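Comments concern the structure below.
Computed from a predicted model, the values in this text were never measured in an experiment. Residue numbering restarts at 1 for every chain, and letters A, B, ... go by the order of the sequence lines.
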Protein chains: 2
Amino acid sequence: MPSETFFNLPEEKQRKIIDVAIEEFAENPYEAASISQIVRRTGIAKGSFYQYFEDKRDLYLHLFDMIIQEKQAFLQQTPPPDEDVDVFEHLRWVARAGANFELSHPKLAKFGYRVVTDDVPLPEETLKIARSGGRVFFEQFMRNGVEQGVIDPNVDAGVAAFLFDLITVHYGKYMVDRLEITPEELTTSERYPLDTTEGEELFDALVDILQNGLGPREARK
Amino acid sequence: MPSETFFNLPEEKQRKIIDVAIEEFAENPYEAASISQIVRRTGIAKGSFYQYFEDKRDLYLHLFDMIIQEKQAFLQQTPPPDEDVDVFEHLRWVARAGANFELSHPKLAKFGYRVVTDDVPLPEETLKIARSGGRVFFEQFMRNGVEQGVIDPNVDAGVAAFLFDLITVHYGKYMVDRLEITPEELTTSERYPLDTTEGEELFDALVDILQNGLGPREARK
DNA sequence: ACTAAATGTGACTGGTCGGTCACATGACCG
DNA sequence: CGGTCATGTGACCGACCAGTCACATTTAGT
């Protein structure tokens, strides 16, 4: 936890420190991220930094908490569809919200990505939740779908959840590649670049594959 | 490229160095992996190391080459099915071969995983190939499937290739988790732990989802 | 204006790193 | 033997790191 001294700081200074720190931890693996760099780039003295934070890990944990909160706030901004709507509609929302977050907060997303892939000094329990959280969530998801009769009960729920989890973590990055969205567009445009015809089509394509598979369609519909 | 001096070394010493180095680069991000550690753990002098390799990067590149070769040799050991076999059968082979490699060479797989996720000093072109290679390969794969009539031509090939790529990179790890395979089993058992009934079922489950989707099946077959 | 508490500062410590180099040891050959 | 050429060695260099601390500066209360 940052010290009270830190929270007494003018808000602008707080933000500057946090922003620079997030950038540093987004661009470098935890071990390589450098406090010396952070203080250099914020223009504060090393000693001041250590009056705000106990140590490197303390800063890291604080950033993690902030990002969790920011992401939750972001997701609640476009609330999920009702529980009883078609699960595929729900899945579509999850994928889209995740991708939009990645695009509108690329630094935060990069940070989050490192949390689940790098070696990082979070409490063991937190790590487990962050890493398997998706799977647990999606297994429930599958049960809902089966109940609704829109998911075949013979499908292996674990494998499906594994797929969903991968998708939420990686689909945003894929879309950025594919739509050739430049960093400038991310910061300048007001609307989310995925809320376009092209973007919607990509979500449709994904959900379609998951729903109907790759096999030929003549037999159905 | 390692110097001739290195290749003149007794084979056992070469292997020891390589093994320790792979372990170091598998366990740590490139920046955090330490030459000092490597020479400490192999028991050679720092100076000797720098007679074998130009620098850290040189060692890294050499390891990368070795791993590529080893993986290719491994894959050719169980050759792919004929080109004209059902693409889903082919996909099954790809996923299975990848997962088996991950299980029988966990250190190499970890190393390879870092290549595609970490920041790593490979030549730009090599990196691009390593990272997008899967997608390009799988797009061809999709074309074959459409020709065979086992893949619906309306499916978005790019999105499907994206899915395949994710799967080959991550499915092995998922299976190890799910089957609760311990590290000992990996080193002691002679046969690949995935060539079991349970393992086969997991491959079936995956291919089934990709082929038929998650939707209810009454309408088909 | 004086004081005391809060905040700011950067040189410094002890450590690790990648990489070098002057020198020691060994192997082979006459 | 002596000589020479390949190989081995570890102290050392400069750079950077996380973290500390004695001191300087600012702020606020009186």
Task: Interface limits on DNA chain D, where chain A has a heavy atom under 4.0 Å of a nucleotide atom - done: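 Boundary nucleotides touching chain A, in 5' to 3' order, are D:dC17 to D:dC21.
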
Open item on the list: Donor-acceptor check, side chain of B:Lys107 to backbone of B:Asp19, threshold 3.5 angstrom: yes or no?
Closed with: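 No; zero donor-acceptor contacts below 3.5 Å.
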
Task: Beyond-backbone contact of B:Leu91 with B:Leu206, side-chain heavy atoms, under 4.5 angstrom - done: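 Side-chain contact under 4.5 Å: no.
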
Open item on the list: Tell me every residue that passes ring-ring contact (aromatic ring centres under 6.0 Å, His included) with A:Phe88, counting only those two or more places apart in sequence or in another chain.
Closed with: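 ring-ring contact (aromatic ring centres under 6.0 Å, His included) list for A:Phe88, sorted by chain: empty.
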
- [ ] Summarise protein proximity over nucleotides 13-20 of chain C in one line of letters, 5' to 3': B for base, S for sugar-phosphate only, - for none, counting protein heavy atoms closer than 4.0 Å.
- [x] ----SBBB

TODO: Identify whether any heavy atom of A:Phe6 sits under 4.0 Å from a base atom; if not, whether one sits that close to sugar-phosphate; answer base, sugar-phosphate or nothing.
DONE: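 Nothing, no heavy atom under 4.0 Å.
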
TODO: Select base, sugar-phosphate, or nothing to describe what A:Thr5 touches, counting heavy atoms under 4.0 Å on all strands.
DONE: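 Answer is sugar-phosphate: A:Thr5 comes under 4.0 Å of backbone atoms only.
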
Open item on the list: Is it the case that over 12 heavy atoms from other parts of the model lie below 6.0 angstrom from the CZ atom of B:Arg57?
Closed with: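 Yes.
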
Open item on the list: Counting neighbours of CD on A:Gln77 that are heavy atoms of other residues, nucleotides or ligands and sit closer than 6.0 Å, is the number greater than 12?
Closed with: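 Correct, the count exceeds 12.
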
Task: Rounded distance in Å - NZ (B:Lys13) to C1' (C:dG26) - done: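 Spelled out: NZ on B:Lys13 to C1' on C:dG26 is 12 Å.
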
Task: Which atom of A:Ile22 lies closest to which atom of A:Phe111, heavy atoms considered - done: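 Closest approach of A:Ile22 to A:Phe111, heavy atoms only: O-CD1, 4.4 Å.
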
Open item on the list: Minimum heavy-atom separation for A:Leu202 and A:Tyr171, please, with both atom names.
Closed with: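 In terms of heavy atoms, the two residues are closest at O-OH, 2.9 Å.
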
TODO: Measure up the B:Phe53 and B:Phe6 rings against each other and bin them: parallel (under 30°), tilted (30 to 60°), perpendicular (over 60°).
DONE: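 Taking B:Phe6 first and then B:Phe53, their aromatic rings sit tilted (interplane angle of 30° to 60°).
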
